[in-house]
Participant: 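Got a structure for you, questions after.
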Protein chains: 2
Amino acid sequence: MYTLDQLVGFVAVAEEGSFAGAADRLSMTQPPLSRQVRKLERDVGVELLVRHHRGARPTPAGRVFLDEARRLLARAESSRLRARSVAAGTTGTVRIAFTAVSALTVLGPWASTLTEQLPDVDLILTEMVTGEQVDALLAGEIDVGLARGPARIHPLTARPVASESMVLAVPNGHPLTRLRGAATLSDVAAHPLVTYAPAAARYLYETVAAVFRDADLTPHYVQHVAQVNSVLALVGAGLGVALVPSSVATLHLPSVTYLEVLDIPDHAVQVHCVWRSDNDNPALARALTFI
Amino acid sequence: MYTLDQLVGFVAVAEEGSFAGAADRLSMTQPPLSRQVRKLERDVGVELLVRHHRGARPTPAGRVFLDEARRLLARAESSRLRARSVAAGTTGTVRIAFTAVSALTVLGPWASTLTEQLPDVDLILTEMVTGEQVDALLAGEIDVGLARGPARIHPLTARPVASESMVLAVPNGHPLTRLRGAATLSDVAAHPLVTYAPAAARYLYETVAAVFRDADLTPHYVQHVAQVNSVLALVGAGLGVALVPSSVATLHLPSVTYLEVLDIPDHAVQVHCVWRSDNDNPALARALTFI
DNA sequence: ATCAGGTATGCCTTTTGCGCATCGAACGAT
DNA sequence: ATCGTTCGATGCGCAAAAGGCATACCTGAT
């Protein structure tokens with residue numbers, strides 16, 4: 001197999017039109033350059049240059065090979081740059097999993113920051129509930145998850161990235177609206193409660209359950225719905241009230257009013273960013289600096 | 001600049017998953033392979049493999065670089081084959097010039113043989129009169145010409161490739177048809193003669209002129225036409241008779257009859273293949289073996 | 001015929017690369 | 001917890017390769 005240095009030498013001779021001139025350009029003397037090119041010719045098995053007393057000119061095969069050599073050298077150089085870029089994390093892929101809640105809060109701003117700051121990093125976004133995210137992280141199928149945390153399983157590291165309280169969504173004209181925008185959990189427990197499906201929206205389901213359990217209250221569940229949007233629709237239709245993350249209150253529906261709940265914990269809904277500490281994806285490390 | 005051998009080593013390690021295994025595959029020992037790969041990493045400026053107690057696995061940058069390396073090696077190999085093919089004349093380009101006469105006789109069979117036998121050789125065909133062909137050959141603009149020859153200018157070599165006589169084209173019912181298919185030059189000189197334009201069909205013009213000059217006859221020229229087809233059309237229209245190369249007689253026009261001319265030289269029309277003896281295009285050398 | 005400009009060759013030195021022997025690290029088995 | 005096994009890394013010596021210098025050789029121009 002020939003050497004890239006031999007290609008450099010050959011290209012220089014072909015471009016300069018002489019061995020002596022090319023040797024000068026390459027900061028070397030002419031004899032080793034001659035030997036270099038001859039070695040290349042022996043390897044390729046073809047005479048690439050015709051030498052005459054006044055320089056050297058490429059043969060037809062040499063002209064074709066010159067083209068190939070230039071392309072090869074350019075490619076060799078760009079492959080180095082590309083590898084460096086991947087190592088620096090400015091090129092590559094980050095596979096991100098997110099939950100319904102995180103999609104509303106941290107995912108959007110983060111993803112738009114990433115596409116702006118790391119334009120050559122591809123993002124693969126998949127919605128998963130927390131448990132699925134943990135499995136996928138351990139299996140190496142995703143690089144990072146936005147989930148309830150912190151997961152305490154060994155190779156996983158978690159960092160809180162957002163927390164918010166919950167507010168009460170009620171239909172317009174509901175009796176609780178008379179409380180002037182502030183209710184308590186016992187008020188909530190007195191009414192039918194639309195809540196989340198344990199499977200598809202497990203985090204919110206468990207968060208709501210925990211809130212009432214801690215307050216020693218037993219709400220009256222009337223529905224289990226997967227999507228936050230669906231919850232609001234049912235509330236608007238008058239089927240009950242619902243606790244939703246505060247960020248959801250930014251969605252204004254004509255038939256739904258939001259009330260503060262006084263005795264709900266401030267950071268009831270938390271989003272953690274979870275990844276494997278032994279993940280060697282440099283694009284992940286880079287992406288984590290933007291969250 | 002790194003070495004293609006280093007790439008081979010790196011690819012082998014990445015594929016085998018271990019330095020020792022790769023060294024075995026490459027028929028070398030493990031220490032120099034380790035050093036090879038490390039040198040490559042130092043050159044690229046990136047850690048390509050993570051070594052652990054049970055082999056080595058590529059980093060994300062290493063996976064990307066592995067792809068590049070494989071492509072690079074494949075390209076390096078194919079560039080050798082390509083150069084060899086060009087040198088052997090089975091790949092490349094042959095620029096062929098031809099005259100109107102040669103187009104009817106040798107060009108067609110030769111070109112079809114070439115496209116069949118040398119499918120990777122591109123043919124560039126250009127119609128030129130003999131003088132233009134000589135200029136183009138000397139200027140290096142074409143590789144070979146099919147022309148009247150032989151040219152005696154120094155770097156040019158010529159080889160006769162076809163010769164033919166001329167026949168007389170007359171309109172149907174012309175008085176000369178009563179001669180039962182055989183006329184003489186003096187018969188021809190007694191009738192208006194459609195002949196060739198000296199500029200665009202110089203060879204045939206001069207050939208016809210020479211035929212009559214040698215016979216001490218002065219024909220009555222009535223037209224100077226560039227194309228053989230046009231000559232036949234004018235003959236068919238009754239404007240005169242014409243001498244055309246025998247091969248033209250294969251074109252049957254409803255209103256034209258061909259007569260043999262008894263005292264016309266057998267090899268009046270000759271086609272030579274002309275090229276520069278110092279032309280180093282291997283595809284030309286190859287192509288010349290098929291004419 | 002000689003000269004000039006460029007390439008090939010001989011010879012020496014330096015550098016590079018390989019192989020052998022060995023060390024060190026890290027898991028698995030006991 | 002310790003030992004053993006299995007990797008990769010390292011030190012060393014030798015051989016091959018590559019570079020530089022001096023020079024021979026070739027060929028068109030003067």
Participant: Around atom CZ of Arg63(B), are there more than 12 heavy atoms of other residues, nucleotides or ligands at under 6.0 Å?
Facilitator: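 Result for CZ/Arg63(B): enclosed.
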
Participant: Enter the distance from Tyr2(A):OH to Leu72(A):CG here, rounded to the nearest 0.5 Å.
Facilitator: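 Answer rounded to 0.5 Å: 5.0 Å.
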
Participant: Measure from CG on Asp5(B) to P on dT16(C) and round the result to the nearest Å.
Facilitator: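 Rounded to whole Å, this separation is 16 Å.
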
Participant: Can you give the dot-bracket line for DNA chain D, where a pair is Watson-Crick or G-U wobble with both atom distances under 3.5 Å, crossing pairs use [ ], and | marks a partner on another strand?
Facilitator: ||||||||||||||||||||||||||||||

Participant: Between protein and nucleotides 17-30 of chain C, map the contacts as a letter string: B base, S sugar-phosphate only, - none, heavy atoms under 4.0 Å, written 5' to 3'.
Facilitator: SSBBB----SS---

Participant: Would you say the side chain of Ile142(A) lies within less than 4.5 Å of the side chain of Met128(A), judging by non-hydrogen atoms?
Facilitator: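 Yes. Closest side-chain heavy atoms under 4.5 Å.
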
Participant: Take the protein atom CG of Leu48(B) and the nucleotide atom C1' of dG8(D), then report the distance between them rounded to whole Å.
Facilitator: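 Atom CG in Leu48(B) sits about 16 Å away from atom C1' in dG8(D).
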
Participant: Please work out which residues in residues 11-25 of chain A have a non-hydrogen atom less than 4.0 Å from an atom of DNA chain C and list them by number.
Facilitator: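 Heavy-atom contacts with DNA chain C come from Ser18(A), Phe19(A), Ala20(A).
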
Participant: Any side-chain N or O of Ser34(A) below 4.0 angstrom from OP1/OP2 of dT7(C)?
Facilitator: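 No, because none of the side-chain N or O atoms of Ser34(A) sits under 4.0 Å from OP1 or OP2 of dT7(C).
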
Participant: Classify the side-chain pair Thr90(A)/Ser85(A) by whether it contains a donor and acceptor separated by less than 3.5 Å.
Facilitator: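 Yes - a donor-acceptor pair under 3.5 Å links their side chains.
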
Participant: Using a strict cut-off of less than 4.0 Å between a Lys/Arg side-chain nitrogen and an Asp/Glu carboxylate oxygen, indicate whether Arg75(A) and Glu68(B) qualify as a salt bridge.
Facilitator: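 Result for this pair is yes, salt bridge flagged.
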
Participant: Distance check needed: dG6(C) P versus Leu49(A) CG, whole Å only.
Facilitator: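 For the pair Leu49(A) CG and dG6(C) P, the rounded distance is 16 Å.
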
Participant: Measuring from Arg80(A):CZ to Glu77(A):CD, what's the distance to the nearest 0.5 Å?
Facilitator: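 So the CZ of Arg80(A) and the CD of Glu77(A) are separated by 4.0 Å.
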
Participant: Which heavy-atom pair separates Ala56(A) from Phe19(A) by the least distance, and what is that distance?
Facilitator: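 Shortest heavy-atom separation between Ala56(A) and Phe19(A) comes out as CB-CE1, 3.7 Å.
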
Participant: Whole angstroms only, please: what is the CZ-P distance between Arg57(A) and dT27(D)?
Facilitator: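 Taking CZ of Arg57(A) and P of dT27(D), I get 18 Å after rounding.
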
Participant: Among Leu118(B), Leu114(B), Asp143(B), find the one that has a side chain to side chain contact (heavy atoms under 4.5 Å, CB included) with Leu123(B).
Facilitator: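 The single option meeting the side chain to side chain contact (heavy atoms under 4.5 Å, CB included) with Leu123(B) is Leu114(B).
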
Participant: Other residues, nucleotides and ligands only: do more than 12 of their heavy atoms fall within 6.0 Å of CZ on Arg84(A)?
Facilitator: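 It does: Arg84(A) CZ has more than 12 such atoms within range.
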
Participant: Provide the closest heavy-atom pair for Ala88(B) versus Pro282(B) in the form atom of the first, atom of the second, distance.
Facilitator: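 Shortest heavy-atom contact: C-CB, 4.3 Å.
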
Participant: With a cut-off of less than 4.0 Å, is there a side-chain N or O of Arg38(B) near OP1 or OP2 of dA9(D)?
Facilitator: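 False: Arg38(B) side-chain N/O out of range (4.0 Å or more) of dA9(D) OP1/OP2.
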
Participant: Under the side chain to side chain donor-acceptor pair (under 3.5 Å) test against Ser163(A), which residue among His272(A), Gln270(A), His267(A) passes?
Facilitator: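 Of all the options given, the one that passes is His267(A).
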
